[in-house]
Amino acid sequence: MKERYIQLLIAVSTIAVIGLIAIQVYWVNNTFTLREQDFTSTVTRALTAVVNTLEKDEMTQMAASSGSTSFSISSNGDSTVFFDKGNKGYKILSGVSLEESRDSTFYNRLSSEGFDQSQILQQSGFLDDIMGGVLELDILKGISERVQTGWLDSVLAIELEQRGIKALYHYGVFNKFNKVELILGKSAPFAENIVNEGYKCLLFPNDPILDPNYLKIWFPNQSRYLLSTMWLMLVTSAILLLVIMFLFSFSIRTIYRQKKLSDIKNDFINNMTHELKTPIATISLACEALNDPDMQGSERARSTYVGMISEENKRLGVLVENVLRTAIFEQGEMKLRFQSINVHDVIAQVIRNIQIQVKGKKGEIITHLDASTHVIEGDILHITNLIYNLIDNAIKYSEERPVVTIYTRDELEGIAIAFKDNGIGISRENQKKIFDKLYRVPTGNVHNVKGFGLGLSYVKGVVEKHGGSVTVESEIKKGSTFTIHLPYQHEKEN
């Protein structure tokens with residue numbers, strides 16, 4: 001997939017994910033707003049119920065203290081209050097002014113709302129009786145005398161609990177100038193908050209002449225409380241958002257990883273094609289030369305071309321073996337045959353085999369084999385191959401005369417083998433990737449070093465199969481040092 005298509009796909013996916021997140025946030029915010037509105041409505045109903053209960057209780061106490069023979073509260077209209085004192089009937093209707101009570105139609109209204117005709121007084125004496133009753137019933141007392149704090153606290157708590165509100169609250173009674181008339185000690189420090197941010201309801205709304213007082217309540221943790229009632233939805237939304245973001249980032253990483261692997265694969269195929277074409281072409285030319293009648297009589301020429309074919313055939317075999325060996329190792333099918341091997345002897349053998357290649361570049365291999373114990377349990381074939389690969393890399397990646405120095409030293413439970421070269425070096429960024437399969441250090445437009453990016457991946461795999469590790473230290477233009485750490489004893493796999 002081309003880079004621009006990947007970028008377009010990422011851009012469209014990003015917009016889609018942002019849209020989903022925005023919708024989710026809008027949905028949560030909208031739900032919170034609805035909860036807030038419902039909370040406001042519930043609190044208002046609770047306060048109204050408290051006020052009605054206070055008023056009914058006061059009327060009950062008044063009737064009881066005055067020796068009334070009967071008492072009732074009508075449910076008609078706006079909660080008209082009726083009480084009977086001796087042989088006089090008093091009726092107070094909320095929403096009816098004193099001036100309106102002088103109208104003859106007022107008595108018709110009382111009658112139509114279900115009151116006994118015998119209890120309706122004459123128009124001329126009605127206002128006086130009402131006013132006299134008010135004074136007689138002593139409702140001109142101060143609010144602190146009319147409301148008992150403990151009783152108000154209990155009623156308010158019950159009304160809120162019955163409506164499912166369990167949030168912390170502070171409340172108080174305030175006059176029309178927002179001055180405190182009645183407040184509990186624990187709520188006193190929050191009087192200003194109660195006035196400015198609280199909910200309110202008019203106390204004793206049926207009082208005909210008194211200055212208004214308001215019952216106000218404030219919830220300091222209202223937003224937190226409402227969010228706590230939405231915890232299931234919030235947790236679900238958060239999980240969904242995290243899952244969406246994780247899947248999106250994972251998909252993007254996967255796309256780039258696959259593209260990178262595709263590029264590496266294409267590079268590998270190109271290198272493999274080039275590497276295979278060279279020996280094949282050489283063998284083909286040698287065969288044609290051997291078939292030339294002029295060459296058949298020359299034993300020296302024949303021997304030269306046969307040797308060339310043999311060398312190129314070996315080269316082909318090594319190339320194919322490297323690929324197959326890495327594939328087998330990657331699939332976990334490689335079986336190691338452990339035996340006692342002398343690491344110093346293996347190093348010496350590899351140096352003898354690669355000496356021609358070193359001399360061809362006028363290079364040098366220096367050894368400092370200082371390990372006192374150099375016999376380990378390992379697979380001699382793979383140990384030989386990984387030592388060969390490291391020396392071969394040191395030679396290939398040296399721009400001038402290669403100098404490779406090999407060290408061995410004792411470790412606590414094993415041996416360390418270091419390969420130091422004077423090559424081109426590896427950047428810190430690439431040092432983290434050189435052991436990845438098919439990875440080759442970028443060299444720009446210069447491709448004078450042949451390879452498939454399999455050698456170091458194979459080295460790391462073999463070392464880890466032996467229970468060891470491999471490290472690298474390198475600096476650009478100053479060479480590299482690869483160190484492998486191998487234990488003396490191999491721990492058998494279960």
Side-chain angles (χ1 to χ4, degrees), residues 268 272 275-276 279 310-358 365 367 369 371 373-397 404 406-411 413-419 421 434-439 450-472 482-494:
F268 169 76
M272 172 68 88
E275 289 284 338
L276 294 177
S310 177
E311 289 297 324
E312 293 301 321
N313 184 59
K314 289 180 181 179
R315 183 179 175 187
L316 278 174
V318 171
L319 293 175
V320 173
E321 181 185 356
N322 283 338
V323 175
L324 293 177
R325 185 172 57 196
T326 304
I328 292 173
F329 193 85
E330 190 72 18
Q331 295 171 5
E333 298 177 1
M334 178 182 290
K335 301 298 181 183
L336 302 182
R337 298 179 179 178
F338 288 91
Q339 64 185 79
S340 294
I341 59 175
N342 189 312
V343 174
H344 288 178
D345 290 346
V346 173
I347 293 173
Q349 181 62 43
V350 172
I351 291 174
R352 284 194 294 270
N353 293 340
I354 207 170
Q355 198 63 246
I356 297 176
Q357 182 179 340
V358 176
I365 297 179
T367 59
L369 308 180
T373 303
H374 42 83
V375 176
I376 67 171
E377 284 189 359
D379 187 302
I380 189 169
L381 173 63
H382 292 295
I383 293 295
T384 301
N385 286 337
L386 73 84
I387 292 174
Y388 180 89
N389 280 345
L390 290 173
I391 296 176
D392 182 59
N393 278 351
I395 295 171
K396 286 194 302 185
Y397 288 98
V404 182
I406 304 174
Y407 303 87
T408 64
R409 66 175 184 270
D410 294 320
E411 292 192 329
E413 296 181 354
I415 185 173
I417 312 171
F419 302 82
D421 62 57
I434 56 175
F435 295 104
D436 295 343
K437 185 180 177 182
L438 301 180
Y439 183 80
K450 308 302 179 185
F452 305 138
L454 299 175
L456 291 178
S457 173
Y458 170 76
V459 168
K460 181 181 179 183
V462 170
V463 171
E464 290 179 349
K465 276 281 188 178
H466 283 76
S469 62
V470 57
T471 58
V472 60
F482 287 85
T483 305
I484 59 175
H485 309 267
L486 296 172
Y488 294 129
Q489 302 293 326
H490 170 67
E491 295 183 4
K492 296 183 179 179
E493 299 178 356
N494 295 329

Flag side-chain contact, heavy atom, 4.5 Å: [X] against [Y]:
X: I484; Y: V462; value: no
X: V459; Y: N393; value: no
X: V346; Y: Q349; value: no
X: F419; Y: I387; value: yes
X: V358; Y: I351; value: no

To the nearest 0.5 angstrom, please state how far the [atom1] atom of [X] sits from the [atom2] atom of [Y].
X: I354; Y: D392; atom1: CD1; atom2: CG; value: 5.0 Å
X: E411; Y: L486; atom1: CD; atom2: CG; value: 9.0 Å
X: N385; Y: L381; atom1: CG; atom2: CG; value: 5.0 Å
X: H344; Y: T373; atom1: NE2; atom2: OG1; value: 9.5 Å
X: N389; Y: H382; atom1: CG; atom2: NE2; value: 11.5 Å
X: Y407; Y: L369; atom1: OH; atom2: CG; value: 11.0 Å

Of all the heavy-atom pairs spanning [X] and [Y], show the shortest one and how long it is.
X: V404; Y: A394; answer: CG2-CB, 3.6 Å
X: I380; Y: T384; answer: O-OG1, 2.6 Å
X: T483; Y: A416; answer: CG2-CB, 4.3 Å
X: S340; Y: V375; answer: CB-CG1, 4.2 Å

With I347, the side chain to side chain contact (heavy atoms under 4.5 Å, CB included) member among D345, V343, V350: V343

Between I415, T471, V463, V470, which is the residue that forms a side chain to side chain contact (heavy atoms under 4.5 Å, CB included) with H485? T471

Tell me if the CD atom of E413 is crowded by more than 12 foreign heavy atoms within 6.0 Å. no

Given I417 and L390, is the side chain to side chain contact (heavy atoms under 4.5 Å, CB included) satisfied, shown in steps? CA-CA 11 Å; I417 312 171; L390 290 173; over 6 Å; no

Hey, is the main chain of G414 close enough, under 3.5 Å, to the side chain of Y488 for a donor-acceptor pair? yes

Under the 3.5 angstrom rule, does the side chain of D379 hit a backbone N or O of R337 as a donor-acceptor pair? yes

For the residue pair H466 and F338, does the interplanar ring angle fall in the parallel (under 30°), tilted (30 to 60°) or perpendicular (over 60°) class? perpendicular

